[in-house]
Amino acid sequence: MADLEILSRESLARPALEIAPFLLGKVFVVGERAGRIVEVEAYAGRHDPGSHAYRGMTPRTEVMFGSAGHLYVYFTYGMHFCANVVGGEVGEAQAVLLRALAPMQGLPEMRAARPKAKRDIDLCNGPAKLCQALGIDRAFNGADVVGGDQRLFLADDGFVLRDPPMVSTRIGLSAGADLPWRFYIETDPHVSRR
DNA sequence: CGTTTGATGCTCT
DNA sequence: GAGCATCAAACGG
C-alpha cells in the first residue's frame with residue numbers, strides 16, 4: 001500500500017461543508033482494518049436544522065462542540081452507532097458523517113464483524129454498517145483521529161478523485177432534508193444509495 | 001424489482 | 001412519551 005500521511009488537525013479546522021468533500025478519498029484506519037471514504041454528509045452546527053447540534057450543546061453532542069480531529073460517535077435506533085469527524089473551531093459543532101467506505105484492509109475481520117453482510121460490497125455501505133465492520137462503538141466517542149495514534153487515524157495515501165464529488169441531499173433526515181450536503185464518489189460501488 | 005415494517009434503547013422534552 | 005443522521009427481513013407485484 002502507498003504511504004499514509006495522517007491528516008493535519010488544521011486541515012480539519014474548517015467548516016463541515018469544506019471538509020466533507022475534502023475527506024472523500026481519504027483512508028480511515030482502525031486497528032488492522034481500513035477503508036477509503038467514498039460517501040459523507042456535512043452537518044453545519046448550531047444553525048443546521050438537520051444537526052444534533054441544532055438545539056445547542058447537550059451531554060450527547062459535547063464532543064461535536066469540541067476541537068477538530070475527534071470522532072463524534074452516537075447511538076441510534078436502539079442498536080446502531082454512527083461516526084462523524086469533528087471539524088471547525090471549538091464551539092462551532094462542525095461535523096462530517098462517514099456514510100460509506102470502500103474496504104481496503106482487514107476484510108476477514110470486517111466479515112466476522114458483519115455476519116449478515118452477504119457480499120463484501122455490503123460491509124461498509126452505510127453509516128452504521130461501517131461502524132459495525134470497523135468495530136466502532138461508544139468507546140470511540142471523542143477519540144482523536146489525527147493525534148498520531150498508529151491504530152486509529154485518518155490519512156491521505158495520494159489517491160486522487162477522477163471526477164468532482166457528486167452532491168445530493170442528506171439521507172434519513174426529517175429536518176434540513178432539502179439541503180444538498182451529501183457528497184459521494186459517483187463511480188464507486190460502495191456508496192450506500194444512488 | 002420496490003415498498004413496508006419490526007427491532008430496540010437512548011436522548012431530550 | 002416521541003422521535004430517531006439505520007438495517008435487514010418480509011411482503012407484494
Side-chain angles (χ1 to χ4, degrees), chain A residues 12 15-24 28 30 33 35 37-66 68 70-88 92-103 110-143 145 154 165-185 189-194:
Chain A
L12 298 175
L17 271 170
E18 292 181 25
I19 64 175
F22 166 75
L23 286 171
L24 285 180
F28 187 31
V30 182
R33 302 171 229 185
I37 300 171
V38 299
E39 178 184 350
V40 296
E41 283 175 357
Y43 287 86
R46 189 70 181 75
H47 301 289
D48 172 5
S51 173
H52 292 164
Y54 186 56
R55 288 174 173 80
M57 189 168 68
T58 67
R60 177 173 67 155
T61 61
E62 183 179 351
V63 169
M64 226 194 324
F65 283 83
H70 297 262
L71 289 184
Y72 163 50
V73 178
Y74 67 91
F75 181 68
T76 191
Y77 291 104
M79 64 195 85
H80 297 304
F81 294 98
C82 296
N84 294 250
V85 177
V86 175
E92 292 184 342
Q94 301 293 300
V96 174
L97 173 68
L98 302 180
R99 283 202 55 94
L101 306 178
M110 291 188 192
R111 293 185 193 113
R114 281 193 37 72
K116 290 182 179 171
K118 294 185 173 59
R119 313 165 300 171
D120 285 351
I121 208 163
D122 297 319
L123 287 173
C124 298
N125 62 346
K129 295 180 190 178
L130 73 88
C131 282
Q132 235 181 317
L134 297 178
I136 291 174
D137 60 18
R138 66 182 88 250
F140 286 71
N141 189 39
V145 288
L154 279 171
M166 198 68 182
V167 183
S168 81
T169 55
R170 296 175 293 184
I171 294 175
L173 304 196
S174 60
D178 51 325
L179 300 167
W181 289 355
R182 170 175 177 246
F183 302 86
Y184 60 97
I185 299 178
H190 304 89
V191 165
S192 69
R193 291 209 225 166
R194 297 291 145 190

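Below, chains carry the letters A, B, ... as their sequence lines are ordered, and counting in each starts from 1. The model shown is predicted, which means the values in this text are computed figures rather than measured ones.
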Planes under 30° and centres closer than 5.5 Å, is that true for A:Tyr74 with the base of C:dA5? no
A:Met79 has a side chain; which of B:dT8, B:dG9, C:dA5 sits nearest to it? B:dT8
Check the phosphate of C:dT6 against A:Arg99, side-chain N and O only, distance under 4.0 Å to OP1 or OP2. Yes or no? yes
Take the protein atom CG of A:Leu179 and the nucleotide atom P of C:dA5, then report the distance between them rounded to whole Å. 15 Å
Select one nucleotide: of C:dA5, B:dC10, B:dT13, the one nearest the side-chain heavy atoms of A:Phe75. B:dC10
Taking atom CZ of A:Phe183 and atom CD1 of A:Ile19, what is their separation to the nearest 0.5 Å? 11.0 Å
Atom NE2 of A:His52 to atom P of C:dT6: distance rounded to whole Å? 9 Å
Donor-acceptor pair, distance only, cut-off 3.5 Å: does the side chain of A:Arg182 make one with the backbone of A:Ile171? no
A:Leu173, nearest nucleotide to its side chain (from C:dC7, C:dA5, B:dT13): C:dA5
If I take atom CG in residue A:Asn84 and atom P in nucleotide C:dT6, what distance separates them, rounded to the nearest angstrom? 11 Å
Should A:Lys118 be listed as having a side-chain N or O under 4.0 Å from OP1 or OP2 of C:dA8? no
Output the rounded distance in Å from CZ (A:Arg138) to P (B:dT8). 16 Å
Under 3.5 Å, is there a donor-acceptor pair between the side chain of A:Arg99 and the main chain of A:Arg170? no
Categorize A:Gly50 for me: base, sugar-phosphate, or nothing, with a 4.0 angstrom heavy-atom threshold over every strand shown. base
Could you pick out which residue, A:Arg114 or A:Leu97, lies toward the 5' side of DNA chain C when each is mapped onto its nearest nucleotide? A:Leu97
Can you see whether A:Tyr184 has A:Arg193 sitting over its ring - NZ or CZ less than 6.0 Å from the centre and within 45° of the normal? no
note: A:Arg60, atom CZ; B:dT11, atom P; distance rounded to Å ~ 7 Å
Nucleotide opposite B:dG9 in a Watson-Crick or G-U pair, distances under 3.5 Å: C:dC4
Please give, in whole Å, the distance from C:dC4 P to A:Phe81 CZ? 20 Å
The nucleotide from C:dT6, B:dT13, C:dA9 with an atom nearest the side chain of A:Lys116 is C:dA9
Is atom OH of A:Tyr54 surrounded by more than 12 heavy atoms (other residues, nucleotides or ligands) closer than 6.0 Å? no
Check for me: is A:Tyr77 stacked on C:dC7 by the 5.5 Å centroid and 30° plane-angle rule? no
Looking at every strand, decide which applies to A:Arg170 at a 4.0 Å heavy-atom threshold: base, sugar-phosphate, or nothing. nothing
Rounded to whole Å, how long is the line connecting atom NZ of A:Lys129 with atom P of C:dA9? 10 Å
Using a cut-off of less than 4.0 Å, is there contact between a side-chain N or O of A:Thr76 and OP1 or OP2 of B:dC10? no
Considering every strand and a 4.0 Å limit on heavy-atom distances, what is the contact class for A:Arg182: base, sugar-phosphate, or nothing? nothing
Indicate yes or no: at least one non-hydrogen side-chain atom of A:Leu71 is less than 4.5 angstrom from one of A:Val63. no
What's the OH-P distance between A:Tyr54 and C:dG3, to the nearest Å? 17 Å
Partner lookup for B:dG2, please. Criteria are Watson-Crick or G-U wobble with both distances under 3.5 angstrom; report none if nothing qualifies. C:dC11
Less than 4.0 angstrom between a side-chain N/O of A:His80 and OP1 or OP2 of C:dC7, yes or no? no
